[in-house]
Every structure is written in structure tokens, then in C-alpha cells.
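For clarity, every value in this text was computed on a predicted model and none was experimentally measured. We count ligands from 1, going down the list as the structure has it; atoms in each ligand are counted the same way.
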Amino acid sequence: MNAAAPEPDDPAALLAALRLQLDWGADEALAEAPLDRLAAPPPLAPSAALPAAPSAAGEPSRRAAPGRRGAALPLAAPLAPAARNAAALAAGAQDLAALREAIREVDTPLRDTATNLVFADGNPDSGLMLIGEAPGADEDRLGRPFVGQSGQLLDRMLASIGLDRAAEDPSRAFYITNILPWRPPGNRTPTDAEIALFLPLVLRHIALARPRHVLLLGGVSAKALLNTREGITRLRGRWHSLPLEAGGLPVLPTWHPAYLLRNPAAKRDSWADLLLLRRTLSGDISAAPGGLT
Ligand code: URA
């Protein structure tokens, strides 16, 4: 970030500069000392030079991780050992409590910038699982998914079809998690590499919670789980089948509640999706892709 430096003794200007950085998403300190990225790099002795880091097309270059100042790391794909380790951690988790601890162990710079792990909320016995994108600031602070503004809208939407995440009766409850368990700094969109890293853990989460139906909240979640580049506009509003070892699991993509806050006209679609969910849960219609009973 290249904001003009405020006068060191002007508290109002310092506060305004901090506010501006917050507005721009620079809300995490990644290193002890500021780093001027526009300054010319000091000359490196040839033996100390790092190989050029490959970078994914269109990916923003990564900010330096703590302790690695100046060393640009590739963002394109999870480092192979980290991805292998994540898959092994997922496979080794035999229950939800073990999975939570396994997720903590996954090697990712997101751990350095987030405050709390955001694992899941609600009733895992409910048979209905919701999967969002990634925690935001409120979720990061409280360690629970969907507790901010969009989460409150989501709770009201589900209440309108008789569902409540806190309900003890599994038939009235739901269970909710995200693709990423850590908040991306500044609420940026998760990278493909981050999604790929955590996908085995999300699939393990589904296998352990054993939902009968899944609601996918937004394009990141729908595209990741359905392994498609098709957008949420085309995916939403109908049941798809997620191929799992135990058989096909019905998943329903729908708009993310944060999108509804920005585009209230889309609530009409969401209402149709909620009715489809309600009718499917009550057995009026089948979740077979496109099918009516
Ligand atoms: N948006 C998400 O996708 N997940 C949350 O937990 C909060 C906001």
C-alpha cells in the first residue's frame, strides 16, 4: 500500500490514514516493520538470488509472509507437500472433533492473518448442510460461520421455511460451514489454490456429517464442489448430484446471502430456491436432478 505518510504527530491524520487502509482491505499486519514495495530492491549476491517465482495468470502476487520478507511465493497452486499433507489430514480424521483439529494443522499463510478458526455451526445431525465461501470479519472474531450481516439474512431466510440452526430437533435444524476455515485478509475472494488445498477437508466434512441434502451458498462453493467453471447464475435453482464414495448426494446451489444484500432483486430467485428446498425436505418432490416424484 502506498498511502502518503501522515505527519507523525497529527493523531487525526494518523487515524484517517488507518481508516483508509481499512477501507482498502489492509486490515492485517503481516510483518513487524512496514515494507516499501515500490522501493528498488537491494542488489543480491548471485548465490543469494531466489529463483523467479511462477505466478498464476491473473492472480495477484502474494504479500510476504511473516519471516519471509521480500521472498515472493507462488500463489498458483498449493505447494505439493502442503496439499498432500492436507489430503492425509482429511483422510485421518475419524469424527468431526478430529477434523476440526486436522484443519488447524493444514499449512497455509491464511492461519497467520486470521484470528480464529471457523469450523462449523448448527446441528450436525440435521441432514441438511449449508456450505458458504469463507469467514468474514465477524466470523473471524467469533469463530463461527455466518454470524455477520449476511449470516443474519441467511438465518431469516431459513426461518421463513421453518429452519433454525440452533434447533435441537434435527428435522428443524441445519448445519453450516465454509469452503475455507480461515478468513482471507481483507475479505478477498479465496484463490483457486486455497480452495484446492481445503477441498479434501470439505469433502471429509461432508462424509463425516453425512447430510442428506446440501445447500451451496454462492459461486465459490458451487463451482468448487461441482468441479465446474459454470457460473452460479446457471447452476442455481436446481438439484445437482455430488458424486461421493457413498453415492450421489443432492446439492442445491443458490445465491450467496451477501450477494442478496447487494442485489435485493435476486431475493426472488432465492425464495424460489428456498421453496424448492422446503418441498424436497418434506418429500413433496425428489432431489433427483430435475425430477419430480
Ligand atoms: N460469508 C461466507 O461465505 N461465510 C461466512 O461464514 C460469512 C460470510
| Pairs touching residues 200-225 that satisfy side-chain hydrogen bond (donor to acceptor under 3.5 Å, both in side chains), sequence neighbours left out | Tyr175-His205

| request: Can you run down the side-chain hydrogen bond (donor to acceptor under 3.5 Å, both in side chains) pairs that involve residues 256-270, sequence neighbours left out, and say none if there aren't any? | output: Trp255-Asp269

| task | State which residues pass ring-ring contact (aromatic ring centres under 6.0 Å, His included) with Phe174; sequence neighbours excluded, sorted by chain then number. | result | none

| Within the protein, residues bringing a heavy atom under 4.0 Å of ligand 1, chain by chain | Gly132, Glu133, Ala134, Pro135, Glu139, Pro145, Phe146, Ser150, Asn178, His256

| If you take all heavy atoms of Ala93 and Leu208, which pair is closest and at what distance? | O-CD1, 3.9 Å

| field | Rounded distance [0.5 Å steps], CG in Leu158 versus CG in Leu215 | value |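 The distance works out to 7.0 Å.
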
| field | Electrostatic pair Arg236:Glu230 at N-O distance under 4.0 angstrom | value | no

